[in-house]
J.: 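Below is one structure. I have some questions about it.
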Amino acid sequence: DAKTTQPNSMESNEEEPVHLPCNHSTISGTDYIHWYRQLPSQGPEYVIHGLTSNVNNRMASLAIAEDRKSSTLILHRATLRDAAVYYCILRDVNFGNEKLTFGTGTRLTIIP
Amino acid sequence: GAGVSQTPSNKVTEKGKYVELRCDPISGHTALYWYRQSLGQGPEFLIYFQGTGAADDSGLPNDRFFAVRPEGSVSTLKIQRTERGDSAVYLCASSPQSGTEAFFGQGTRLTVV
């Protein structure tokens, strides 16, 4: 499985944008980039995913580098409820490889 | 609508005992996953079902662990002869079909004493 590298922790001020980086230099052509987050005492929650183009949804934006070896999850205006562990995961689209392989993620702290 | 439901939410058992953990996926979801999460770590894949069959059980740590999904809906994770190292939060997730967004339950916290 292709691996991802994320910073262990980040801090951000409330109501400011947050940029969470992820490196995936060994990504293959059939790997989608998925982001999940896990709030304290909760199961992981889907945030966003993409293949090549930048993606936007109600929760966040995903910016993917042109060579696809890195990506950035963007929270446009952080709130206290965004404090969580954020996981960047590569998921192969080929049948039989649907499992999500979590790393240790980035623990995001929001400062009021 | 209801999300993924896992029962019990907490389970304390003695070393050597047998336990069953239940997962009720979102209605109509054909894909179901089990994960295990130890403190400070990300979730670790155990097994994936597509319908009634286990499509990938490569994450099961040893033969004490077994999971079933007999009717393609509810799934049960079974652990025989529990060990203290089995203590963790066991997470279940389901997807409308394989490869799509996974919806996770709140997990079952298993403590083996």
Side-chain angles (χ1 to χ4, degrees), chain A residues 1-9 20 22 24 28-51 55-60 62 73 84-109, chain B residues 2-7 9-10 21 23-26 29-51 53-61 67 77 88-110:
Chain A
D1 292 337
K3 296 289 188 277
T4 63
T5 304
Q6 300 177 252
N8 289 334
S9 62
L20 296 162
C22 181
H24 28 79
S28 73
T30 55
D31 283 330
Y32 274 82
I33 302 159
H34 286 246
W35 283 82
Y36 280 74
R37 72 179 185 181
Q38 189 170 22
L39 279 65
S41 302
Q42 304 281 325
E45 172 189 33
Y46 168 83
V47 177
I48 200 167
H49 77 280
L51 183 63
V55 184
N56 300 296
N57 67 20
R58 64 175 179 80
M59 289 182 70
L62 176 60
L73 179 70
V85 178
Y86 287 77
Y87 297 98
C88 170
I89 301 164
L90 300 182
R91 197 178 197 191
D92 195 327
V93 300
N94 289 323
F95 181 76
N97 290 306
E98 292 85 356
K99 67 185 179 188
L100 295 164
T101 302
F102 290 82
T104 52
T106 296
R107 182 173 298 278
L108 177 64
T109 300
Chain B
V4 176
S5 176
Q6 292 188 246
T7 53
S9 54
N10 280 284
L21 311 180
C23 174
D24 283 80
I26 294 172
H29 281 194
T30 60
L32 185 145
Y33 310 81
W34 283 99
Y35 289 80
R36 176 170 72 172
Q37 186 170 25
S38 301
L39 194 63
Q41 303 295 314
E44 173 192 19
F45 171 77
L46 295 177
I47 187 170
Y48 153 61
F49 287 90
Q50 180 58 38
D56 182 354
D57 64 357
S58 62
L60 295 178
L77 179 66
V89 175
Y90 288 80
L91 294 161
C92 177
S94 69
S95 296
Q97 59 190 49
S98 60
T100 58
E101 173 187 348
F103 295 82
F104 282 80
Q106 301 257 28
T108 293
R109 180 175 299 279
L110 176 67

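A, B, ... follow the sequence lines: proteins, then strands. Residue 1 opens every chain.
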J.: Given a strict heavy-atom distance threshold of 4.5 Å, which part of A:Tyr32 is in contact with chain B: side chain, backbone, both, or neither?
T.: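 No part of it gets close to chain B.
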J.: May I have the step-by-step check of side-chain contact (heavy atoms from CB on, under 4.5 Å) for A:Lys3 and A:Thr5, ending in yes or no?
T.: CA-CA 7 Å; A:Lys3 296 289 188 277; A:Thr5 304; 5.9 Å; no
J.: Show your reasoning for whether side-chain contact (heavy atoms from CB on, under 4.5 Å) applies to B:Phe49 and B:Tyr33.
T.: CA-CA 6 Å; B:Phe49 287 90; B:Tyr33 310 81; over 6 Å; no
J.: Using side-chain hydrogen bond (donor to acceptor under 3.5 Å, both in side chains), reason through B:Gln106 and B:Ser9 one step at a time and then give a plain yes or no.
T.: CA-CA 8 Å; B:Gln106 301 257 28; B:Ser9 54; over 6 Å; no
J.: Is it the side chain or the backbone of B:Tyr35 that comes within 4.5 Å of chain A heavy atoms, both, or neither?
T.: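 Just the side chain, heavy atoms under 4.5 Å.
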J.: Chain A heavy atoms under 4.5 Å from B:Gln37: which part of the residue, side chain, backbone, both or neither?
T.: side chain
J.: For B:Tyr48 and B:Gln50, test the side chains for any donor-to-acceptor distance below 3.5 angstrom and give the result as yes or no.
T.: yes
